[in-house]
Structure formats: structure tokens, C-alpha cells
Amino acid sequence: MIVAGFGFRGAATVASLRDALAQTDGPQPDAYAVPDDKARTPAFVAFAAETRTKVVPVTARALQSVQTPTQAERVLEKRGTGSVAEACALVAAGSKAALLTTRHISHDRMATCALAIGDST
């Protein structure tokens with residue numbers, strides 16, 4: 001199971017999310033993972049619908065327990081993890097998950113995406 005984890009700002013667009021995923025240059029994911037408080041954001045809902053990909057909401061509590069290879073100070077202070085995209089991908093991919101890519105940033109800097117492979121969702 002390949003999971004694309006996303007982190008994004010409120011102003012992110014479908015194009016931002018699409019671009020962040022494209023930056024990973026990886027295989028097509030089986031699911032998208034996103035913080036549960038962002039799962040109903042209009043741009044994300046539209047993006048997931050256009051690709052017909054399953055969405056896995058990740059709780060704030062689950063994010064806080066994940067160590068990530070990349071670290072963004074602002075994200076660490078706000079979310080308790082270094083990368084929302086990496087943490088979401090790892091949590092949703094299951095207990096034996098491994099990152100395929102660290103976070104990649106959309107050209108407009110509004111969204112990040114990381115890929116993980118694992119045994120669940």
C-alpha cells in the first residue's frame with residue numbers, strides 16, 4: 001500500500017496539491033493521508049475526488065508521535081512533528097511503514113507531499 005501524505009496551507013489550491021504530488025515523482029498512491037482538521041478543505045476534497053483516491057484522516061495525536069527525517073520549525077511548534085506530509089504518510093501506511101520520499105514542496109509553496117509504503121489503510 002502506497003500512501004501520499006499531505007500538508008498544506010489554507011490558501012492551497014487543487015493545483016498546489018497536484019503539483020506537490022507530482023514533485024515526488026513516485027508511483028500512483030493507493031490512498032491520501034491528511035490531518036483530520038484539513039480533510040474537508042474544499043481544495044483537498046476536490047483534489048481527492050478528481051483522482052478518486054481514498055482519503056485517510058490522521059488525528060493530531062497520531063501526528064505528534066511521529067519522528068520525521070525533515071524538520072520545519074513552524075510545523076514542529078504547531079503540529080508536534082517535523083513534517084505533516086511525512087507524518088501523515090507514515091501513520092496511514094501502518095506500523096511497518098517506510099518513507100519512499102521525504103516531503104516535496106509545491107512550486108507555490110502552499111502544499112507538501114511525501115510517499116510512504118506500508119501494510120495498511
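Any value given below was found using the heavy atoms of this structure, including those in side chains, with hydrogens, waters and symmetry copies removed.
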Under 4.5 Å side-chain heavy-atom separation, chaining through any Ile, Leu, Val, Met, Phe, Trp or Tyr, what else clusters with [X]? Say none if it is isolated.
X: Val58; answer: Leu63, Val66, Leu90, Val91, Leu99
X: Ile2; answer: Phe6, Phe8, Val14, Leu17, Leu21, Tyr32, Val34, Phe44, Phe47, Val55, Leu100, Leu115, Ile117
X: Val75; answer: Val84

Identify the heavy atoms of [X] and [Y] that sit nearest to each other, and give their distance.
X: Ala12; Y: Ala43; answer: O-CB, 3.4 Å
X: Thr112; Y: Ala85; answer: OG1-CB, 3.4 Å
X: Ser106; Y: Ala20; answer: CB-N, 3.9 Å
X: Cys88; Y: Gly5; answer: CB-CA, 4.1 Å
X: Val3; Y: Ala33; answer: CG1-CB, 3.7 Å
X: Ser83; Y: Thr68; answer: N-OG1, 3.2 Å

Partner set under side chain to side chain donor-acceptor pair (under 3.5 Å) for [X], not counting sequence neighbours:
X: Thr53; value: Thr51
X: Gln64; value: none
X: Thr59; value: none
X: Thr13; value: Ser16

Exercise. Can you list every side-chain hydrogen bond (donor to acceptor under 3.5 Å, both in side chains) pair that touches residues 33-42, not counting sequence neighbours?
Worked result: Asp37-Arg79
For this session: With sequence neighbours excluded, give me every salt bridge (Lys or Arg N to Asp or Glu O under 4.0 Å) pair touching residues 8-22.
Result: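 For residues 8-22, and leaving out neighbouring residues, the salt bridge (Lys or Arg N to Asp or Glu O under 4.0 Å) pairs sorted by first residue read Arg18-Glu50.
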Exercise. If you look only at pairs with a residue in residues 85-106, which of them pass as a salt bridge (Lys or Arg N to Asp or Glu O under 4.0 Å), with sequence neighbours excluded?
Worked result: none
For this session: Would you please name every residue forming a salt bridge (charged side-chain N to carboxylate O under 4.0 Å, His left out) with Asp108, sequence neighbours left out?
Result: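 Once residues adjacent in sequence are excluded, Asp108 has no partner under the salt bridge (charged side-chain N to carboxylate O under 4.0 Å, His left out) criterion.
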